[in-house]
Amino acid sequence: INAEYMGPFSNVMPTFRRFVEIGRVALIGYGPDVGKLAVIVEIVDQNRALVDNPLGGVHRHVINFKWLRFTDFVVPIAHGCRAKALKAAIVSSGALDKFASTCWAKKIGSAKHEGGPL
């Protein structure tokens with residue numbers, strides 16, 4: 001987009017960055033794994049994805065996008081990578097540690113401590 005065409009909005013950043021993509025770290029907001037972090041391993045269709053997190057206790061399963069809360073973090077992985085490769089990529093990228101240091105994670109931790117909802 002041409003900056004001259006945008007006028008006063010030329011320095012405005014795009015508003016949405018948390019797209020559905022392979023390697024996106026997401027917080028599960030509904031279901032038996034609520035409150036756990038998972039990584040998108042494969043996109044099944046426009047409504048569902050295959051998620052996994054061998055470090056966080058999330059087994060590999062298909063989940064609806066409506067049940068996920070996407071974070072800003074992406075783990076560099078290939079389509080449908082296996083658990084061993086995913087585990088190594090999560091550790092090397094440090095995505096879970098980076099998320100743990102965000103205000104969102106601290107807010108979730110205090111809500112769990114106080115017995116409130118996510």
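What you see is a predicted model, and the numbers here were worked out from it, not measured in a lab.
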How far apart are the closest heavy atoms of A38 and I28, and which atoms are they?
-> CB-CD1, 4.0 Å
Does the pair V51 and V39 meet the rule for a side-chain contact (heavy atoms from CB on, under 4.5 Å), with working shown?
-> CA-CA 5 Å; V51 297; V39 178; over 6 Å; no
Can you check whether R69 reaches W104 side chain to side chain, under 4.5 Å on heavy atoms?
-> yes
Looking at I108, D33, L68, V34, which hits side chain to side chain contact (heavy atoms under 4.5 Å, CB included) with L27?
-> I108
Note, V58 side chain near L37 side chain (heavy atom, < 4.5 Å) = no
Restricting to pairs with a member in residues 49-68, which pass salt bridge (Lys or Arg N to Asp or Glu O under 4.0 Å), not counting sequence neighbours?
-> D52-R60
Return each pair, listed once, that meets side-chain hydrogen bond (donor to acceptor under 3.5 Å, both in side chains) where at least one residue sits in residues 91-103; pairs must be two or more places apart or across chains.
-> none
Sequence neighbours excluded - ring-ring contact (aromatic ring centres under 6.0 Å, His included) pairs with any residue from residues 51-70 = Y30-W67, H59-H61
For R18, what residues pass the side-chain hydrogen bond (donor to acceptor under 3.5 Å, both in side chains) criterion, not counting sequence neighbours?
-> D72
Does N53 have any side-chain hydrogen bond (donor to acceptor under 3.5 Å, both in side chains) partners at least two apart in sequence or in another chain, and if so, which?
-> none
Return all side-chain donor-acceptor pairs below 3.5 angstrom for residues 74-83, not counting sequence neighbours, or 'none' if the list is empty.
| unit_1 | atom_1 | unit_2 | atom_2 | d |
| --- | --- | --- | --- | --- |
| H79 | ND1 | E42 | OE2 | 3.2 |

Evaluate the side-chain proximity of I40 to L50: yes if any heavy-atom separation is below 4.5 Å, no if none is.
-> no
